[in-house]
Asks: 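My questions all concern the structure below.
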Amino acid sequence: MHYLDELNPVQREAVTQTDGPILVIAGPGSGKTRVLTYRIAHLIEQGIPPYNILTLTFTNKSAKEMKDRIEKVVGARAQQVWAGTFHSIFARILRAEASKIGFPSSFSIYDTDDTTSLLRSIIKEKNLDPNAYNASAIRSRISLAKSNLLSPTAYRENADMMSQDRQQRRPYVVDIYETYLNRCQRAGAMDFDDLLFQLYRLFRENPDNIVEKYRNRFRYIHVDEFQDTNFLQYAILRRLLKYDGSPENVFVVGDDAQSIYAFRGATIDNILDFEKDYPNLRTYKLEQNYRSTHHIVQAANEVISYNRKQLQKTIWTDREESNKIKLLKCTTDDEEGRRVADSILEQKHRYHLPNSEIAILYRTNAQSRKFEEHLRRHNMPYRIIGGMSFYQRKEVKDFVGYLRLAVNPRDEEALRRVINYPTRGISDATVDKLVMLASGKNISLWEALRDPALDVNPKARQSLHNFYLLVSNWQQRAEKDLASKLADDILRQSGLLVHLKADTSPEGISRLENAQAVLDAISEFTDNPEPDLETGEPGERTLSLYLQTISLLSDADEKNDGQDQITLMSVHGAKGLEFKSVFVTGLEETLFPSFMSFEDPNGLDEERRLFYVAITRAKEFLTLTFAKHRYKYGQIRENDPSRFLEEIDEKHFDIVGGIGAGRASAKEAPVSPRASVSGSFATPRNRQQASAQPAIDPAGFKPSAPDAIVAGATVLHLKFGEGKVLSVDGAKDNKVAAIQFKGDELPERRIVLKFAKLQVM
DNA sequence: GTAGTCACTATTTGA
DNA sequence: TAGTGACTAC
């Protein structure tokens, strides 16, 4: 069948419209990937050289999948398309052009840990209070600044940013930012944001007319998941697209309803601005859902209609046959784990589902444990995406630290990590002196290492010298030697191998195996060079490129080994995926939606979009679960069912056992007095807390109607006791009251009136 | 210099 | 609870 015949009329129009700016608003399961891949295949069929086509995707994995799908239509030429994530494509450009902005071409990439530890050290050097200046909070501040193109100078002139910092009682954030930038430059390192920020800088300063080069190269630009791009990414695209005589061949695909990365700077404004920036824009809406059955699609529409801001769009399906959505009400998180495992077992028997068609989704990675326990108990194979990945393990990071140093000795985070690990007689005091000297003279740690002005005892000096020789030797080899051979030598000569071998505990053995797995990965990498895009020759396969590649891997890129396993992951991780059967778990107030989102309505809207993404992953079976009681930080917490459950019409539900027989009864189910509930999970701490609760006689308690709860009223809550209503907001069925309870550690609690048991006094 | 203990504290999502 | 950083004892 010809590829164009596999498309519906709207899809086909979007695919064959090859020139000018195009926006495709694509609902979940509407064939978005198909449109994108066929459009690129179509361009190639029309004679456009594949290396003139750029496609920016969200994960490396989806870029690869896309290339493979294009290949099915146009053959091997497909592999010459520039397809990858923003970060990986831009890193590649920066490697080629680094010298123009004062970076080595083998610059290091600092991951979140490197950045945080560098910031921690800057905060210490500046003698700032580490409590007020929380390193990871500062990191997100700096990230926010970069994503909005604010240099330190612009930051200082930005009244909003400065006053926010003052309000947070940390007026020196911008100074930390400035120092941080210097340090990165000195270390020849870029963090994730820099890969965008520095590229933007390169294009703006435009040495040697470099923008021209890339404008000519990328004649057709595609962006997947456009709703998740931030201002900086948009600005870079604009640089590439907006100039005199530009054909503006840009094709973006997105869905405002699936925007779930606002927390890291993504903004829907990009979709709205797009229409303004490109007056010739043609917009297509893909609304037919080919993925899910009727009840799922309807539920998704109902939920998303509660969001205030959205582009008008209603997804629909012609799939009539349909299972209802199952709702599992559980008393505890443990019961939730058990019943999900049981349901999976049952589904597998009844419908012969392979494990790979089943996914368990949760809001936070920490929730995976209970599911793991119960799946293991049933001997069901599973894999976890996200959480601690291979390259985040300590032993792997240590080894990689040495490799980074061999490639770029100025890499200060790598140097600090390994300089005395395994121990080689370089004390913390010596390292501190090194850092002070480097700061004083504004030289890199690597230079400071052999600076005669360094005031240390002869023994330490000798140790430093030996370390210097060791690393210099690797560094010289890094440019010519085979990466795998060099890495093997580094593992031995660094002393890491001996150190790891010394630990014969099971964990120790697994650490050794992980280090050796890095060697295997490097061999695999060097043995399979990808073709160079312009020449088609086997491309560069240096250690430096390997390091760059692994630092840009994301969780979603983890491969499956072809085993038939159940997938466990966060809802964020599930974006773009689909499964026959999906379990969306932990649907409780404060968890999903997260309590972090309660402060601002935009936050709640984002949680709702996240829920929308979660349920639309399911093709045939959707199961929603919640637990009344759940452990958090070692303590039991009680939660109400998520408001999102209330936003789905009952007719889509099939309620299975648990607390009460039906949904309505769950709302009015008699609530056990706190003491007896805690008693069944007795720990000394819980007991104490329970006895501190105000004693309210459940028998004499008569809940008032939600309408009776108004701001200023004094109310009684079975669990929290007496409280004052500060405010009430939200529409009729979703009213939320902010209440301050007497003797409560929280300044206020937000209570969903529909679920709450409150009595006006 | 290292290993072990203790107390504290953070609580989301991720390239 | 789990991870971390500071402190202590050898």
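Order of the sequence lines sets the chain letters (A, B, ...), proteins ahead of strands, with each chain counted from 1.
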Asks: Measure from the side chain of Glu607(A), starting at C-beta and using heavy atoms only, and say which of dG14(B), dA15(B), dT12(B) lies closest.
Replies: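 Of the candidates, dT12(B) comes closest.
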Asks: Tell me: CG of Asp605(A) to P of dT13(B), nearest whole Å?
Replies: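 So the two atoms are 21 Å apart, to the nearest Å.
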Asks: Whole angstrom is fine here: how far is it from CG in Asp191(A) over to C1' in dA15(B)?
Replies: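 Whole-Å distance recorded here is 11 Å.
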Asks: Rounded to the nearest Å, what distance is computed from the CE atom of residue Met596(A) to the P atom of nucleotide dT12(B)?
Replies: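 One finds 6 Å between P of dT12(B) and CE of Met596(A), rounded.
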Asks: His87(A) has a side chain; which of dT13(B), dT12(B), dA15(B) sits nearest to it?
Replies: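 Comparing dT13(B), dT12(B), dA15(B) against the side chain of His87(A), the answer is dA15(B).
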Asks: Pick from Asp111(A), Asp398(A), Asp114(A): which one makes a salt bridge (Lys or Arg N to Asp or Glu O under 4.0 Å) with Arg404(A)?
Replies: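 Of Asp111(A), Asp398(A), Asp114(A), salt bridge (Lys or Arg N to Asp or Glu O under 4.0 Å) with Arg404(A) is met by Asp114(A) alone.
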Asks: Can you label the angle between the Tyr468(A) ring and the His465(A) ring as parallel, tilted or perpendicular, going by 30° and 60°?
Replies: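 The arrangement is parallel - the two ring planes meet at less than 30°.
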Asks: In whole Å, measure the gap between the C1' atoms of dT12(B) and dG5(C) for me.
Replies: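 Straight-line distance between the two C1' atoms is 24 Å.
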Asks: So which one's nearest nucleotide on DNA chain B is more toward 5', Lys632(A) or His499(A)?
Replies: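 Closer to the 5' end of DNA chain B: His499(A).
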Asks: Are OP1 or OP2 of dA2(C) and a side-chain N or O of Arg369(A) less than 4.0 angstrom apart?
Replies: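 Yes, such a contact exists.
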Asks: Asn365(A) near the nucleic acid: base, sugar-phosphate alone, or nothing, with a heavy-atom cut-off under 4.0 Å?
Replies: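 Counting heavy atoms under 4.0 Å across all strands, the contact made by Asn365(A) is with sugar-phosphate only.
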Asks: Between Thr364(A) and Gln367(A), do the side chains contain an N or O donor and an N or O acceptor separated by less than 3.5 Å?
Replies: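 A donor-acceptor contact under 3.5 Å links the two side chains.
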Asks: Does dG5(C) have OP1 or OP2 sitting under 4.0 Å from an N or O in the side chain of Arg120(A)?
Replies: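 Yes, such a contact exists.
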Asks: Would you say the ring centers of Tyr261(A) and Phe58(A) fall short of 6.0 Å from each other?
Replies: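 Judged by ring-centre distance (under 6.0 Å), Tyr261(A) and Phe58(A) do meet the cut-off.
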Asks: Could you tell me the separation between the CG atom of Asp432(A) and the P atom of dG1(B), rounded to a whole number of Å?
Replies: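 Rounded to whole Å, this separation is 12 Å.
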Asks: Can you tell me, in whole Å, how much space there is between the P of dT4(C) and that of dT13(B)?
Replies: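 It comes out at 15 Å once rounded to the nearest Å.
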Asks: With a 4.0 Å limit, can you tell me whether Ser570(A) has a side-chain N or O closer than that to the phosphate oxygens OP1/OP2 of dG14(B)?
Replies: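 Yes.
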Asks: Across the strands shown, which category fits Thr112(A) at heavy-atom distances under 4.0 angstrom: base, sugar-phosphate, nothing?
Replies: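 Since a base atom lies under 4.0 Å of Thr112(A), the category is base.
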Asks: Using OP1 and OP2 only, check whether a side-chain N or O of Asn420(A) sits under 4.0 Å from dG1(B).
Replies: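 So the side-chain polar atoms of Asn420(A) never come under 4.0 Å of the phosphate oxygens OP1 or OP2 of dG1(B).
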Asks: How many Å lie between CG on Leu199(A) and C1' on dA15(B), as a whole number?
Replies: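 That distance rounds to 15 Å.
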Asks: Looking only at side-chain N and O atoms, does Asn408(A) offer a donor or acceptor that is under 3.5 Å from a partner on Ser106(A)?
Replies: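 No, no side-chain donor-acceptor contact under 3.5 Å.
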Asks: For Asp224(A) and dA15(B), give me the distance from atom CG to atom P, rounded to whole Å.
Replies: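 Atom CG in Asp224(A) sits about 15 Å away from atom P in dA15(B).
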Asks: Would you tell me if any nitrogen or oxygen in the side chain of Asn60(A) comes within less than 4.0 Å of OP1 or OP2 on dA15(B)?
Replies: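 Indeed not, no polar side-chain atom of Asn60(A) lies that close.
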Asks: Separation of Arg609(A) atom CZ from dT12(B) atom P, in whole Å?
Replies: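 Atom-to-atom, Arg609(A) to dT12(B), this comes out as 20 Å.
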Asks: Would you kindly give the CE-to-C1' distance between Met569(A) and dG14(B), to the nearest whole Å?
Replies: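 Atom CE in Met569(A) sits about 14 Å away from atom C1' in dG14(B).
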Asks: Both Ser594(A) and Ser427(A) contact DNA chain B. Which one's nearest nucleotide lies toward the 5' end?
Replies: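 On the 5' side of the pair lies Ser427(A).
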Asks: With sugar-phosphate meaning primed atoms plus P, OP1 and OP2, does Phe58(A) contact a base, only sugar-phosphate, or nothing at under 4.0 Å between heavy atoms?
Replies: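 Answer is nothing: Phe58(A) stays at 4.0 Å or more from every strand.
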Asks: So, do Tyr631(A) and dT1(C) meet the stacking rule of ring centres under 5.5 Å and planes under 30°?
Replies: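 No; by the centre-distance and plane-angle rule, Tyr631(A) does not count as stacking on dT1(C).
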Asks: If we count only N and O atoms by modelled type, under 3.5 Å, do the side chains of Ser642(A) and Glu588(A) hold a donor and an acceptor together?
Replies: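 Looking only at side-chain atoms, Glu588(A) and Ser642(A) do not form any donor-acceptor pair under 3.5 Å.
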